[in-house]
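Here the structure comes first, spelled out in structure tokens, and everything after it is commentary.
Whatever order the structure lists ligands and atoms in, that order sets their numbers, starting from 1.
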Amino acid sequence: MKRLFFALWPDPETRTRCTAVAAALKQAGRPVRPDNLHITLVFLGSVDEATETKLVEAAAAIRFAKISIRFDALHYWRRPRIICLSGKPEDSAVALLVEQLNTIAAAQEITTDDRPYQAHVTLIRKASQLPPLTLEPFLWQADAFCLVESCSTPEGVAYRVLKTWQAYEDQTPIDSEAD
Ligand code: ATP
Ligand code: MG
């Protein structure tokens, strides 16, 4: 079984920005490794190979628009003891994608988080409070989403991108090279 989730992966510039904010907060707990920074779309949990294959097939059929989320606030979430960036979507693209991902998970009888979707980037784990820090707002733009495996390693959790799907605006027309 693999521990899987759907996520948005940062482009290099976005990763650098998030890493800088996490570094500024490093006294507050344990910063997330830059390689692990992401936005969870839908957490799936333990999935067997046959189910993974069906999820991949279903995900490939999803049409979604480019995503743009404005991150302008830091929060401390007490229960998971994390500090995260919380974002506001610029339009309905991410909500529509999350809804479709929940639907394909439900079709495989996977129970997903039923709380309202809140886009966030976990920056610090094992935190006990949010230190004062002024955040310069920024946009996280994504033209793809991915299926990610959460692997536990001796050095801590590591996320591995298994598959990536592009937003429809970026898809080359199928007949572009015909004739
Ligand atoms: P660890 O659990 O080992 O401390 P982690 O939380 O980073 O590490 P996972 O638990 O595999 O790693 O989670 C992967 C991603 O899915 C993280 O972004 C996590 O916040 C999110 N996630 C995990 N469990 C749930 C859940 N039940 N509902 C929604 N999101 C979840
Ligand atoms: Mg976890």
Between [X] and [Y], how do the two ring planes meet: parallel, tilted or perpendicular, split at 30° and 60°?
{"X": "Trp140", "Y": "Phe71", "value": "tilted"}
{"X": "Phe145", "Y": "Phe6", "value": "perpendicular"}
{"X": "His38", "Y": "Phe5", "value": "tilted"}

Problem set entry | N or O pair under 3.5 Å between Ser150 and ligand 1 | yes
Exercise. Under 3.5 Å, N or O to N or O, is His120 touching ligand 1 that way?
Worked result: no
Problem set entry | Pairing residues for Ser86 by the side chain to side chain donor-acceptor pair (under 3.5 Å) criterion, not counting sequence neighbours | His75
For this session: Name all residues meeting the side chain to side chain donor-acceptor pair (under 3.5 Å) criterion together with Lys88; count only those two or more places apart in sequence or in a different chain, and write none if there are none.
Result: Asp72
Exercise. Is there a side-chain contact between Val42 and Val98, using heavy atoms and a 4.5 Å cut-off?
Worked result: yes
Considering only the protein, which heavy-atom contact is closest to [atom], and what is its distance?
{"atom": "atom 6 (O) of ligand 1", "result": "Arg125 NH2, 3.4 Å"}
{"atom": "atom 8 (O) of ligand 1", "result": "Val157 CG1, 3.8 Å"}
{"atom": "atom 5 (P) of ligand 1", "result": "Tyr159 OH, 3.2 Å"}
{"atom": "atom 13 (O) of ligand 1", "result": "Phe43 CE1, 3.7 Å"}
{"atom": "atom 15 (C) of ligand 1", "result": "Thr40 OG1, 3.6 Å"}
{"atom": "atom 10 (O) of ligand 1", "result": "Arg3 NH2, 2.7 Å"}
{"atom": "atom 29 (C) of ligand 1", "result": "Asp113 OD2, 3.5 Å"}

Exercise. What atoms of ligand 1 come closer than 4.0 angstrom to any heavy atom of His38?
Worked result: 15 (C), 17 (C), 18 (O)
Exercise. Do Asp143 side-chain atoms and Ala167 backbone N/O form a donor-acceptor pair below 3.5 Å?
Worked result: no
